[in-house]
Amino acid sequence: MSETPDSVVQPVRAYIEAHRAAFLGDLADWLRIPSVSAQPERAGDVRRSAEWLAAALEDTGFATVEVWETPGAPAVFAEWPSEDPDAPTVLVYGHHDVQPAAREDGWHTDPFEPVVADGRMYARGAADDKGQVLFHTLGVRAHLAATGRTAPAVHLKLLVEGEEESGSPHFRALVEERAGRLAADAVVVSDTGMWSETTPTVCTGMRGVADCEIDLYGPDQDIHSGSFGGAVPNPATVAGRIVAALHDADERVAVPGFYDGVAELTEAERRLVAELPFDEAEWLRTARSHGTLGEAGYSTLERVWARPTAEVNGLGGGYQGPGGKTIVPASAHLKLSFRLVAGQDPDRIETLVREWLAGLVPAGIRYEVAFGAPTRPCLTPLGHPALAAVAGAMSRAFDGAPVRYTREGGSGPAADLQDVLDAPVLFLGISVPSDGWHAPNEKVELDLLMKGVETTAYLWGELPAALRAAGR
């Protein structure tokens with residue numbers, strides 16, 4: 001069968017419609033498993049979720065399916081070789097663990113008993129990320145049915161981890177250990193979303209993050225501010241000065257060298273961001289904020305998607321009870337986080353922050369700095385042919401609608417795949433902001449979920465030429 005765009009659309013849609021009910025039944029079964037990686041008592045459920053997925057992938061037709069152990073929760077690996085030995089290899093990433101959820105959090109129904117209403121499925125994990133992982137199973141079968149193939153047009157691999165909602169603490173080590181098995185010409189991440197139901201978009205990047213805790217120690221105990229204040233260093237005052245020194249008057253991060261190597265937005269990228277139907281007033285309502293503030297010279301979307309930031313996540317020290325207590329406190333504490341963009345290295349940022357602090361903390365104050373495990377930024381160039389293939393496949397699924405480009409302000413493990421495997425990362429997600437990730441009453445729009453299925457069905461036929469054009 002010819003694989004021209006016009007020849008596959010109708011058979012793809014017919015196949016998806018014929019198998020829609022069974023697919024949604026399978027998804028509901030998977031969502032009933034409360035695979036909450038953050039709760040130790042749910043470890044058995046997380047394992048059960050991995051085993052459920054492994055069985056589903058075997059039923060789909062993947063030739064190799066394995067549950068990979070980690071020091072934490074298990075991941076699932078699957079592989080389906082193409083019949084074309086020269087076909088490129090594509091690795092799909094997602095996760096099968098979910099956020100905690102309980103009826104008393106504000107859910108209208110049991111979060112682990114899926115409910116379908118008004119074209120939506122409500123359950124924890126419906127959008128983040130079980131729904132977006134599972135659509136690949138129906139998508140590859142639709143690809144085969146529409147093209148007459150018995151194996152995908154790409155060597156298809158899946159890696160579905162079980163600890164993303166707990167910060168992926170063992171993910172990079174797993175990828176490094178299994179790099180040979182995971183080797184790919186491109187990585188498709190299905191753990192993102194779209195701008196809205198009517199504006200299909202493809203994400204092109206996620207920010208990285210580095211975070212630290214700073215403990216400042218002055219006197220060996222709280223001491224009288226009348227007897228000693230003004231004559232000894234106060235750790236709470238030093239904490240305030242650190243916070244005040246974090247940004248300059250233009251809200252730029254004032255750590256020397258912080259912006260070295262930052263990939264600046266091009267004029268073309270700024271135009272694409274400006275084309276999105278952004279309603280700042282609505283965004284503020286969603287943020288529960290009463291005004292915007294950020295780096296001078298950039299729009300709100302540019303600030304949260306493409307610019308590095310520094311935030312004070314916590315600040316404390318000294319007496320916090322009712323009334324006054326005139327002391328010089330013995331200690332103070334800070335929590336800081338830095339969102340990073342392409343061109344920034346978390347290890348370098350840690351070095352710069354440590355050097356900056358050394359110049360701010362006076363003699364007589366002892367301090368300790370502890371950095372958490374970093375996440376690296378990830379960016380797909382707008383001109384990459386494989387990105388055009390993703391956008392093209394999505395446009396076909398959305399009846400020729402133009403596909404625009406976004407970024408994610410948050411962070412994830414995609415950059416570990418990019419770094420270790422030396423492969424471009426492509427983001428393919430169909431979730432919309434109203435899906436309520438991490439919130440009560442999480443849901444997925446079922447028609448959009450089918451658009452995700454349809455997009456993948458087209459994508460496997462389009463990526464080989466695109467990756468060849470990219471020299472992979």
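Both backbone and side-chain heavy atoms feed into the values below; hydrogens, waters and symmetry mates do not. Keep in mind it's a predicted model, so treat the numbers as computed, not measured. Numbers here are sequence positions counted from 1.
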Arg124 bridged to Glu442 by N-O distance under 4.0 Å:
yes
Geometric class of the Phe258/Phe338 ring pair [parallel <30°, tilted 30-60°, perpendicular >60°]
tilted
Check: Thr406 main-chain N/O paired with Thr204 side-chain donor or acceptor under 3.5 Å
yes
Exercise: identify the closest heavy-atom pair between Val46 and Ser35
CG2-C, 3.6 Å
With the threshold set at 4.0 Å, does a side-chain nitrogen-carboxylate oxygen contact exist between Glu83 and Arg149?
no
Before giving the answer on salt bridge (charged side-chain N to carboxylate O under 4.0 Å, His left out), spell out for Arg20 and Asp447 the whole-Å C-alpha distance, their side-chain angles and the decisive distance to 0.1 Å.
CA-CA 10 Å; Arg20 173 175 172 143; Asp447 286 346; 3.2 Å; yes
Under 4.0 Å between a Lys/Arg side-chain N and an Asp/Glu carboxylate O for Arg285 and Glu282?
yes
Between Asp347 and Arg376, is there a salt bridge with N-O shorter than 4.0 Å?
yes
Just by modelled atom types, is the Gly436 backbone N or O under 3.5 Å from a matching donor or acceptor in the Asn441 side chain?
no
Report the residues that fulfil ring pair (Phe, Tyr, Trp, His ring centres under 6.0 Å) with Tyr405, sequence neighbours left out, ordered by chain and then residue number.
none
With rounding to the nearest 0.5 angstrom, report the CG to NZ distance, Asp29 to Lys130.
11.0 Å
Residues Glu264, Arg270: salt bridge by 4.0 Å N-O rule:
no
Say whether Thr300 and Glu280, considering side chains only, have a donor N or O and an acceptor N or O under 3.5 Å apart.
yes
Does Asp26 form a side-chain contact (heavy atoms from CB on, under 4.5 Å) with Asp59? I'd like the steps, not just the answer.
CA-CA 11 Å; Asp26 289 342; Asp59 289 344; over 6 Å; no
Pair Val341-Leu379, side-chain contact (heavy atoms from CB on, under 4.5 Å): steps then yes or no
CA-CA 8 Å; Val341 299; Leu379 182 66; over 6 Å; no
How about Asp97 and Glu164: do any of their side-chain heavy atoms sit closer than 4.5 Å?
yes
Give a yes or no on whether a salt bridge exists between Asp419 and Arg172, defined as a side-chain N under 4.0 angstrom from a carboxylate O.
yes
Considering only heavy atoms from C-beta outward, does the side chain of Glu269 approach that of Arg407 to under 4.5 Å?
yes
Contact check, side chains of Val425 and Met206, non-hydrogen atoms, under 4.5 Å
no
Side-chain donor-acceptor contact under 3.5 Å, His170 with Glu161
no
Looking only at heavy atoms, which two atoms of Val36 and Arg42 are closest? And how far apart?
O-CB, 3.4 Å
Could you check whether Asp84 and His155, counting side-chain N and O atoms only, form a donor-acceptor pair closer than 3.5 Å?
no
How long is the gap from CG on Leu159 to CZ on Arg178, to the nearest 0.5 Å?
10.0 Å
Checking the side chain of Arg252 only, and the main-chain atoms of His247 only, is there a donor and an acceptor separated by less than 3.5 Å?
no
Do you know which two heavy atoms are closest between Ala439 and Trp107, and how far apart they sit?
O-CZ2, 3.6 Å
Any donor-acceptor pair under 3.5 Å linking the side chain of Lys157 with the backbone of Ala183?
yes
Can you label the angle between the Trp52 ring and the Trp30 ring as parallel, tilted or perpendicular, going by 30° and 60°?
parallel
Could you walk me through whether Leu448 and Phe398 pass side-chain contact (heavy atoms from CB on, under 4.5 Å), step by step?
CA-CA 9 Å; Leu448 289 184; Phe398 282 84; 3.9 Å; yes
Tell me if a side-chain donor or acceptor on Ser395 pairs with a main-chain N or O of Pro402 at a distance below 3.5 Å.
no
No-hydrogen, no-angle side-chain donor-acceptor test under 3.5 Å, Arg339 and Ser411
yes
CG-CD distance between Leu449 and Gln132, expressed to the nearest 0.5 angstrom
7.5 Å
Residue pair Leu182 / Leu421: nearest heavy atoms and the distance that separates them
O-CD1, 3.5 Å
Atom pair OG1/CE of Thr201 and Met394 - distance to nearest 0.5 Å:
6.5 Å
Just wondering, do Asp128 and Asp191 contact through their side chains at under 4.5 Å, heavy atoms?
yes
About how many Å separate CG of Leu91 and CG of Leu156, when rounded to the nearest 0.5 Å?
8.5 Å
When you measure from the side chain of Arg141 to the backbone N and O of Thr60, does any donor-acceptor pair fall under 3.5 Å?
yes
Thr89 side chain to Asp185 backbone, donor-acceptor under 3.5 Å:
no
Answer yes or no: are there more than 12 heavy-atom neighbours, outside Asp279 itself, under 6.0 Å from its atom CG?
yes
Test side-chain contact (heavy atoms from CB on, under 4.5 Å) on Phe427 and Val390; report intermediate values, then the result.
CA-CA 8 Å; Phe427 296 92; Val390 175; over 6 Å; no
Do the side-chain N and O atoms of Ser434 and Lys443 include a donor-acceptor pair separated by under 3.5 angstrom?
yes
For Glu462, is there an ion pair with Arg396 - N to carboxylate O distance below 4.0 angstrom?
yes
How close do Thr309 and Val253 get, heavy atom to heavy atom, and via which atoms?
C-CG2, 4.0 Å
Does any part of the side chain of Thr137, heavy atoms only, come nearer than 4.5 Å to the side chain of Phe23, both counted from C-beta?
yes
Heavy-atom side-chain proximity of Val262 to Pro308 below 4.5 angstrom
yes
Indicate yes or no: does Arg13 engage Glu454 in a salt bridge with an N to O separation below 4.0 Å.
yes
Is the closest side-chain heavy-atom distance between Val444 and Ser431 below 4.5 Å?
no
Would you say Arg181 and Phe77 make side-chain contact, with heavy atoms under 4.5 Å?
yes
Can a donor-acceptor pair be found, under 3.5 Å and without considering hydrogens, that links the side chain of Asp250 to the backbone of Ala296?
no
CD of Glu445 to CG of Asp435, rounded to nearest 0.5 Å, is 6.0 Å
Indicate the atoms forming the closest heavy-atom contact of Tyr458 with Ala393, along with that distance.
CD1-O, 3.5 Å
